[in-house]
Amino acid sequence: MGKDSKTFDHEQIRILAEILADTGLTEIEVEQDGLKIRVAREVTVSYAPAPQHIVASPAPAAAAPAPEAPAAAAPAGNAAGTVKSPMVGTAYFSPSPGSAPFVQLGSQVKAGQTIMIIEAMKTMNQIPAPHAGTVKQILVSNGEPVEFDQPLMIIE
Amino acid sequence: MGKDSKTFDHEQIRILAEILADTGLTEIEVEQDGLKIRVAREVTVSYAPAPQHIVASPAPAAAAPAPEAPAAAAPAGNAAGTVKSPMVGTAYFSPSPGSAPFVQLGSQVKAGQTIMIIEAMKTMNQIPAPHAGTVKQILVSNGEPVEFDQPLMIIE
Amino acid sequence: MFEKVLIANRGEIALRVLRACRELGIQTVAVHSTADATAMHVRLADESVCIGPPPASESYLNIPAIVAACEITGADAVHPGYGFLSENARFAQILEEHEIAFVGPSAEHIRIMGDKIEAKQTARKLGIPVVPGSDGGVSGHAEARKVAREVGYPVLIKAAAGGGGRGMKVALNEDEIDTALSTAQTEAKAAFGDDAVYIERYLAKPRHIEIQVFGDGQGNAVYLGERDCSLQRRHQKVWEEALSPALNAAQRKQIGETCAQAMAELKYSGAGTIEFLYEDGEFFFIEMNTRLQVEHPVTEAITGLDLVQEQLRVAAGAKLGFTQDDITFHGHAIECRINAENPQTFVPSPGRVVGLHQPGGLGVRVDSGIYTGYSIPPYYDSLIGKLIVHGRDRNECLMRLRRALGEYVIEGIDTTIPLFLRLLEQPDIIDGEYDIHWLEKFLKNNAAA
Amino acid sequence: MFEKVLIANRGEIALRVLRACRELGIQTVAVHSTADATAMHVRLADESVCIGPPPASESYLNIPAIVAACEITGADAVHPGYGFLSENARFAQILEEHEIAFVGPSAEHIRIMGDKIEAKQTARKLGIPVVPGSDGGVSGHAEARKVAREVGYPVLIKAAAGGGGRGMKVALNEDEIDTALSTAQTEAKAAFGDDAVYIERYLAKPRHIEIQVFGDGQGNAVYLGERDCSLQRRHQKVWEEALSPALNAAQRKQIGETCAQAMAELKYSGAGTIEFLYEDGEFFFIEMNTRLQVEHPVTEAITGLDLVQEQLRVAAGAKLGFTQDDITFHGHAIECRINAENPQTFVPSPGRVVGLHQPGGLGVRVDSGIYTGYSIPPYYDSLIGKLIVHGRDRNECLMRLRRALGEYVIEGIDTTIPLFLRLLEQPDIIDGEYDIHWLEKFLKNNAAA
């Protein structure tokens, strides 16, 4: 270490601090080539007033659990092939009740192909596949209300 | 440590402390070439409502700065030979105005010997030395108001 | 009464509406952008729906997304708060077509009052005093000169579609009228896509005094006293009080009754605010806001009414639960808008609130959605809370305000709290002697301090 | 008015007094034990003095230390809050001798009302209805039997010097009187060093209703309505409301006027509370508290008065600033005592508050000295805050209370907040149908839940 302050990369620490703030992590530890840096922050986030005493409604439209959905589905949401909802509405798998679904688990899809319909304000909005691939996961149910940005499907 | 502890780079610690403050982190640990530095800060303490907007009175009786005194005088207060005030009142160094003080800096005192008077409710309370020794430091002024537990003197 | 209300707003007003709903036993749906997923009202709501990305145009102003959110949650009413879609006649219309109640006046009333020229004509027709000026738009230079001479200099040229101070120019005399007209037209075109302007008397040192009105759409209407919102910076209100230190009881009664009568005649429904400039004992209509105001809590403090609960009741079809005789004014109230801004430069200061302690005790109300650890997003306005203080008289109110501001701790961001502490030291503020230019002058004179 | 007031208390009431002083422009001195050096009111006070170690007997009850703190700071008045030295006649006397004002009644009035037997005699003399019972102490078994027969069974045997339920025994009939007397005497001796007891009628299902009175020591006195504090656990009030759901306006006026008249006759000075048991339309005097009560904010909410400011004014020599005719009651208020206790077992829960978010909005007042990061010391009582909610009627108040409790977040320690949320679900609470035994029964019946 000597007295050479240059051997201490202060910039690295600041960058780690930024990552910490951005990601909401509470601790980062990095070790490489004999250098080890650890930064931590006390979790003020847990002070947020969780609605602990408020009884949530019985979710008649299944929208109530939605706030947790993004967190629960986070791994899926962050996966490369995730298709997210571009709007609020009700997701439908087929063009009309009883007809065949646009896609199924394992279907091969082309970019631009309709994979789902989202109904909003009595309008049927076709949701195109953003890229070609195989339908690996379907993350919503037929007839389920979806929020903006909610993961719908994984196509890889 | 391997290296001479005098090569300890205090400047590095100060820099880390600064980064801590800037970034709002609560802990940084760096380890390199056998040197490990960890700096930490308790965050919750700073959430306390510091009376930042309240203009403190001009402390006519010198009591206003007292809340900080225990902290500032902490090293003295924690020293082995510290004599603390057993009561609230006004400290006097001599039995009557103009007479010789009970003790001075450098005085040798015996256990039980009166070292000060604290006036409270018109009563003069003699403060005895809790142990024998030399008066190393006098931490209050003659005629100064003192709080309970306030360090008065160091006798070693 | 409604079963479930969707709150089409964010921040402290969304929380305000949520509280009123909860106290009436109504379920709540919070809609929010991705930037507001952790907002207090979202956490507290019975249900929440993410309606779009951070830009308001794609979320809080996104009518299809909000209507779709009503559909998937089964909300039977929408409270629009203030700003965003609260004065959007089309939104009110679309909700009506979808058989969803809009907590506000009719689309027609919103439309009329949203057009400055039509609003002024309507006000005049209803007997509300207006500032002397052109009856309609002014386009040519010759016409402008003629109108200005009739109105009397100094005159103000304003964009018909305007707001927030854009498209406004003063001409002190005839030499300045041509330039002022051209500039105002150009600015109006640039800001609002419409170069229509009109001319009116320019008032030198007016106060901004507004009358809170409330109607049930069935011919009943009352006034709930006035608010003095003269302390403004860049046409943004900073400090509001009720009642105004400038009015006496007779003036209050006269202008109040005029406004209430006008609203009864109009069959206006819900909360509304008729804004006036006030100078030398005269009121001049500026505009009418057909929604809840940011500063409604000062009126609540002196009347004891819950304006949001009343909005919900009236929107659900109830008649006004009180008459003018039931309304009495108790004491004095002041609201300070706590903004996440540097108190000297007013540069916005979004970021994480690392420490928070809000004042409490007798006569102190805080309306705020922030909490320790909350990150104030950079996408929206900088209002993060309102401190409302009530006292038996204005002096007690000022003393209590100083006490409460002194207890307020918000760490991690800059706020305007220090500005209010400075204001409380100014003799003009203590005496209630200020007009709409006072704050700008004060800030200019104290910039170096 | 006073220049500088020393606040001889701690916790929320010290902060309450500090706020009132600040709003009157009076400087404040906080005295504190070493355990309270970081308390909110100590941080906010103009000056602070550490007066002793954690045990109250050596700090908050240490009269020489408190008088010395007045001397070194130059305080010209002491506000004692409630508890500690607030009803200590000797303390009031010593302050008088040192020419320091005591914010409270005269030492003589404190002394009279501090002695249960003398208090009762005085009340009877002043026309205040008392519970039938022995005129003075009862010592022998024969005397006890005779008195009990006159009073009528069931009877209660109480320690003359008692309080907090110690030294109290019920005898349902003559068979039980001997044992009850002996037990009460033994407990009284052990708890208070004095085995004097007295006998009175035992009421089966009374409510605790107390009248807030206020005098200026110059012959003027008013009543400020009643508070219903029937919801108690181990004789500790848990929930207080004003006005009482059990009284009508005529009853209120009658008992109120009786109390006000008595206080005027006594030339009582400052705030006082006359506590009654109320059963079947009859009031029975229990005791008079010659100080501010914990639950005074509910009275402030319905009257609009600041009782602590009024205490300071009267103590400084002013006459009452209002007459009975000026007092009107608006709406309904409820206070919940937030204790740092397990809401099921009531085991105290001192420790660090790691997260805190207090409710806000219309009609909500929080009086609390805690803050994020504050450590609640284990040496004192467990009251850490009071939530006071005001509404236009009792129903609005209950709805608002539920809303506010739902927003309250205190992390790191247990609190009684969940208890209040459970209470709000009980039909008896919603209907206001409860007596002083209701809560104990409820807790017993729901212990397993």
Side-chain angles (χ1 to χ4, degrees), chain A residues 17-18 20-24 26 41-71 73-74 77 84-92 117-125 140 143-151, chain C residues 3-4 6 15 18 22 26-35 37-54 58-59 62-75 94-95 97-98 100 351-356 369-375 411-412:
Chain A
E18 250 170 56
L20 207 66
D22 287 353
T23 55
T26 58
R41 182 194 300 273
E42 264 196 37
V43 191
T44 44
V45 175
S46 73
Y47 300 179
Q52 51 194 72
H53 306 309
I54 304 292
V55 180
S57 75
E68 278 116 57
K84 292 185 181 179
S85 176
M87 65 184 70
V88 182
T90 307
Y92 292 108
I117 275 176
I118 294 182
E119 180 192 358
M121 291 182 71
K122 319 277 180 244
T123 308
M124 298 297 167
N125 303 282
V140 294
E144 181 181 323
V146 295
E147 298 182 280
F148 173 80
D149 230 22
Q150 185 173 336
Chain C
E3 294 273 312
K4 193 187 281 190
L6 184 142
L15 180 61
L18 181 139
R22 185 142 288 162
I26 300 171
Q27 294 205 331
T28 51
V29 179
V31 294
H32 61 90
S33 74
T34 50
T38 60
M40 171 90 87
H41 75 282
V42 176
R43 290 164 174 271
L44 290 175
D46 295 304
E47 299 172 48
S48 70
V49 180
C50 180
I51 52 166
E58 296 172 55
S59 49
N62 183 345
I63 295 177
I66 291 169
V67 174
C70 288
E71 288 173 340
I72 67 169
T73 57
I94 289 171
L95 287 178
E97 285 159 13
H98 283 75
I100 299 163
R352 187 176 289 269
V353 176
V354 299
L356 176 67
I370 67 171
Y371 52 85
T372 308
Y374 174 68
S375 269
E411 289 178 347

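Chain A is the first sequence line, chain B the second, and so forth, proteins listed ahead of strands; every chain is numbered from 1. It should be emphasised that the depicted structure is a prediction, and the values quoted were computed from it without experimental measurement.
With hydrogens and angles ignored, the 3.5 Å screen pairs a side-chain donor or acceptor of C:E71 with a backbone N or O of A:M121.
A:F148 is linked by a ring-ring contact (aromatic ring centres under 6.0 Å, His included) to nothing, counting only residues two or more places apart in sequence or in another chain.
Between C:V29 and C:K4 there is a side-chain heavy-atom pair separated by less than 4.5 Å. Taking the side chain as every heavy atom from C-beta outward, C:V67 and C:I94 approach each other to under 4.5 Å.
Heavy-atom distances place no part of C:A37 under 4.5 Å from chain A, backbone and side chain included. In this structure, chain C has no heavy atom under 4.5 Å from any part of A:M87. With a threshold of 4.5 angstrom between heavy atoms, C:I66 does not approach chain A through any atom at all.
Per-residue counts of heavy-atom pairs under 4.5 Å with chain A were compared for C:T34, C:T28, C:V31, C:I51; the largest is that of C:I51.
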